[in-house]
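Note on naming: letters A, B, ... go to the chains in the order of the sequence lines (proteins, then strands), and numbering restarts at 1 for each one.
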2 protein chains.
Amino acid sequence: MAKKASAKSTAPSVCCGSVAEVPLDETAAEALATAFAALADPARLRLLSLIGSAEGGEVCGCDLVEPIGRSQPTVSHHLKILFEAGLVAKEKRGVWVWYRVVPDRFGELRAALA
Amino acid sequence: MAKKASAKSTAPSVCCGSVAEVPLDETAAEALATAFAALADPARLRLLSLIGSAEGGEVCGCDLVEPIGRSQPTVSHHLKILFEAGLVAKEKRGVWVWYRVVPDRFGELRAALA
DNA sequence: CGAAGACATCGACACTTGTCAATGTCTTGT
DNA sequence: ACAAGACATTGACAAGTGTCGATGTCTTCG
């Protein structure tokens, strides 16, 4: 069995369809809302932009604390939220954790804004 | 001077560019975060889907309270947030206020998720 | 083993947010 | 003028969120 390369996020999976489709039911609305809530914070958006614009497509967590200007526990907390929202993937390599964005997830959210 | 047909929203205008571009500065991140925060609530997403999927493209506010299952002041509050985020436009006609979505604004946010 | 360093977790706190009941403001029809 | 109805505003409260310092867990290197 192949070694698992990266942990699985707990993204609620927004499924298909735009917001302007058949009136969203409460459950679907909650899932989508959780996803957008992950984007509703300046620190997290800056983390995403740092990770997404990195060459090689990935960044070591240790390089994310200083540019954000927030404490290490706070950055760790935000990265956890981004991960659980399925927006970033992480992979532990040695002492470090490497992050990269998950384009498919962004595609889902973009589709919801059709 | 022509009579103003609809009120102007106070949308922060996200400007161009994806999140994965040159590391977002704090100010830009805050503006974007505010926009996404408007989408980060189930009630508001359902309001958007109700408005967006309405025939004629617009809905009377009076038809939005019951489907959402929340009190009239609460719905009024959410509509105000959507309006200030530039996601919906409103127009008062007689006793009623008619809402419609603002596609351009959705385009901006979609572009930010490129 | 022991020290160092990268992350994660915990506890606490200020601040924000969603919600409702009560009340206010306008417009329309009688 | 008055009553009715559509929205908006206010005040209050519970729940959620961002932040930090302190501390815990793991991995690597002497």
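- For A:V95, whose side chain is taken as the heavy atoms from C-beta onward, the closest listed nucleotide among C:dC7, D:dT28, D:dA6 is D:dT28.
- Atoms NZ (A:K80) and C1' (C:dA6) sit 17 Å apart, rounded to a whole Å.
- Classification of B:E91 and B:R93 as a salt-bridged pair holds, one side-chain N sitting under 4.0 Å from a carboxylate O.
- Residue A:T74 places none of its side-chain N or O atoms closer than 4.0 Å to OP1 or OP2 of D:dG18.
- Distance B:L39 CG to C:dT17 P: 14 Å, rounded to the nearest Å.
- Side-chain atoms of A:K92 lie closest to D:dT27 of the nucleotides D:dT27, C:dT9, C:dG18.
- Atom C1' of nucleotide D:dG18 and atom CZ of A:R70 are separated by 9 Å, given to the nearest angstrom.
- Applying the side-chain contact (heavy atoms from CB on, under 4.5 Å) test between A:H78 and each of A:L48, A:I68, A:L64, A:L47 identifies A:L47 as the sole match.
- Which of C:dG18, D:dC7, C:dA22 sits closest to the side chain of B:P73 comes down to C:dA22.
- A donor N or O paired with an acceptor N or O is found under 3.5 Å between the base of D:dA8 and the side-chain atoms of B:Q72.
- Atom CG of B:L64 and atom P of D:dA8 are 11 Å apart (whole Å).
- The CZ atom of A:F36 sits 22 Å away from the P atom of D:dG16 (whole-angstrom rounding).
- Nearest to the side-chain atoms of B:S76 among the listed nucleotides C:dG18, D:dC7, D:dT19 stands D:dC7.
- Counting to the nearest Å, the P atom of D:dG18 and the CG atom of A:L45 are 11 Å from each other.
- Side-chain contact between B:L39 and B:L109 is present, with at least one heavy-atom pair separated by less than 4.5 Å.
- Using a 4.0 Å cut-off between charged side-chain N and carboxylate O, B:R70 and A:E26 make a salt bridge.
- By the 4.0 Å N-to-carboxylate-O rule, B:E30 lies too far from A:R46 to be salt-bridged with it.
- Along DNA chain D, the nucleotide closest to A:G69 and the one closest to A:R93 are compared, and the more 5′ of them pairs with A:G69.
- Counting only heavy atoms from C-beta on, B:I81 has its side chain closest to C:dG18 among D:dC20, C:dG18, C:dA6.
- For B:Y99, taking side-chain heavy atoms from C-beta onward, the closest of the listed nucleotides D:dA8, D:dG21, D:dA6 is D:dA8.
- When the C1' atom of D:dT9 is taken as reference, atom NE2 of B:H77 falls 11 Å away, rounded to whole Å.
- At least one side-chain nitrogen or oxygen of A:H78 sits closer than 4.0 Å to the OP1 or OP2 atom of D:dT19.
- One interatomic measurement links the two molecules: CZ of B:F83 to P of D:dA8, which rounds to 10 Å at whole-angstrom precision.
- Listed nucleotides D:dC20, C:dC20, D:dA6 differ in distance to B:W96; the shortest reach to its side chain belongs to D:dA6.
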